[in-house]
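Worksheet: one structure, shown below.
Here is how names work: the chains are called A, B, and so on, in the same order as the sequence lines, proteins then strands, and each is numbered from 1.
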Protein chains: 2
Amino acid sequence: MDRARPMRADAVRNRARILSAAREQITLLGPDAPMDAIAEAAGVAVGTLYRHFPTKTDLVGAVIAEHTARMAADVEAAADRVDGGAGALAEITALVHRVVESAAADRAVKAAARELGATGGARPYEERGGTAMGRLIAAARADGDLHPDVTVEDFLLLLATAPTDQGPAVRRRWLELFLPGLTARGRPTA
Amino acid sequence: MDRARPMRADAVRNRARILSAAREQITLLGPDAPMDAIAEAAGVAVGTLYRHFPTKTDLVGAVIAEHTARMAADVEAAADRVDGGAGALAEITALVHRVVESAAADRAVKAAARELGATGGARPYEERGGTAMGRLIAAARADGDLHPDVTVEDFLLLLATAPTDQGPAVRRRWLELFLPGLTARGRPTA
DNA sequence: GGCTAAGGTGAACCGATACTCATGTTTATC
DNA sequence: GATAAACATGAGTATCGGTTCACCTTAGCC
């Protein structure tokens with residue numbers, strides 16, 4: 001593979017512009033942002049857009065794949081810091097706050113993805129993030145800071161249900177209510 | 001007011017059928033269920049549908065108003081039981097489970113309402129529900145079972161973020177994680 | 001039973017939006 | 001700097017869904 005000759009320079013540039021414009025316009029106009037608007041924002045004709053992404057589902061999928069990759073990298077970095085001796089629970093708490101804010105910023109993109117059934121190429125990143133999250137959970141549990149039955153799925157649930165359509169203050173309050181259910185002190189083991 | 005003569009019998013019947021069909025079709029086909037599908041399911045022509053509800057927003061608004069009324073009645077009943085001597089925290093817990101399941105059943109309707117900005121005539125019911133919820137909170141706090149800083153808004157946040165797009169088991173787990181943040185034992189007062 | 005206003009009908013209208021394709025332009029290679 | 005393969009263009013197509021309206025039907029009252 002990789003037999004094909006490299007993309008032409010202008011094609012590379014346009015592809016990047018389209019991805020950026022898609023994220024921008026979806027955030028601005030909502031999940032139903034028209035392809036025409038995305039094309040115009042990218043400074044490109046619709047036909048070009050469709051050359052790079054044959055379908056809107058493909059385009060949105062590519063945008064969430066980028067998002068997921070960023071998230072996964074953040075989780076991995078946190079797990080690495082914990083391996084380096086940092087406090088696991090503190091890392092998790094800070095990470096969760098960051099990830100939730102990040103999800104809120106891209107909430108329209110996620111809505112578009114759900115609406116279209118777009119998974120893009122996000123799957124591998126999801127797995128990497130999940131693995132790293134598992135490391136963090138194990139470390140925090142070893143410290144005795146996390147309730148023993150807490151799993152990666154619980155954190156995905158947290159991520160999936162965070163109030164992304166409200167302000168940061170609401171999310172902080174929400175986490176203040178949610179996180180105790182995950183910690184050892186917050187919820188009795190019984 | 002109420003000066004107008006009563007609705008014709010067939011009009012009353014059709015109105016009810018339309019509301020029922022709307023709920024059914026939106027649940028079945030998603031938030032974007034076409035008006036034509038709703039009309040057909042109601043056994044009525046589109047024109048009739050538009051006679052009763054001039055706009056899709058009005059129709060969806062009427063459906064969520066019904067939903068909200070049911071919820072509010074449930075909250076008030078619980079508050080009344082607590083006034084009658086029932087345990088406040090237990091009532092709240094059971095209530096929250098019921099309300100969340102109910103919200104899950106009508107999740108597509110709520111999505112449609114959000115999408116259209118339809119508030120319908122739900123406002124008064126929201127207020128009645130809020131007032132009753134306040135009574136429940138006060139009672140539970142008096143029992144020393146609820147964290148002192150918990151408000152009605154916190155419960156609205158819970159309701160707004162419940163994972164309605166997943167199975168009941170996931171919601172049970174989610175509540176298991178969330179509720180400790182509201183109780184006195186679950187979260188340190190410090 | 002006949003009258004009339006309230007109610008019902010559904011084909012047609014209209015705007016929006018994802019997607020196509022015939023044609024023109026540019027990059028990269030020799 | 002000429003050539004061919006990539007790439008870009010954007011007017012046009014197809015479809016879909018909310019809404020309208022001129023005309024028909026029926027309930028309810030005398």
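Look at CD1 on A:Ile38: it is 16 Å from P on D:dT9, rounded to the nearest Å. Here D:dC7 presents its C1' atom at 14 Å from CZ of A:Arg15, a figure rounded to the nearest Å. One atom, CZ of A:Phe53, and another, C1' of D:dC7, lie 15 Å apart when rounded to the nearest Å. In this structure, CZ of A:Arg17 is placed 16 Å from P of D:dC7, rounded to the nearest angstrom. Rounded to whole Å, the distance from CZ on A:Arg13 to P on D:dA6 is 19 Å.
One finds the CD1 atom of A:Ile137 at 5.0 Å from the CZ atom of A:Phe155 (value rounded to the nearest 0.5 Å). Of the inter-residue distances, the one linking A:Leu49 atom CG with A:Asn14 atom CG reads 10.0 Å to the nearest 0.5 angstrom. Distance check: B:Asp10 CG to B:Arg17 CZ gives 10.0 Å after rounding to the nearest 0.5 Å.
The side-chain hydrogen bond (donor to acceptor under 3.5 Å, both in side chains) pairs that include a residue from residues 116-139 of chain B are B:Glu76-B:Arg128, B:Asp80-B:Arg135, B:Asp83-B:Arg135, B:Arg123-B:Glu126, where partners are two or more places apart or lie in different chains.
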Strictly under 4.0 angstrom, non-hydrogen atoms only: write out the protein contact profile of nucleotides 7-21 of chain C, one letter per nucleotide from the 5' end, B, S or -. BBBBB-----SSBB-
Under 3.5 Å, sequence neighbours excluded: what are the donor-acceptor pairs made by side chains of residues 32-40 of chain B?
none

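Within 6.0 Å of the CZ atom in A:Arg70, the count of heavy atoms belonging to other residues, nucleotides or ligands exceeds 12.
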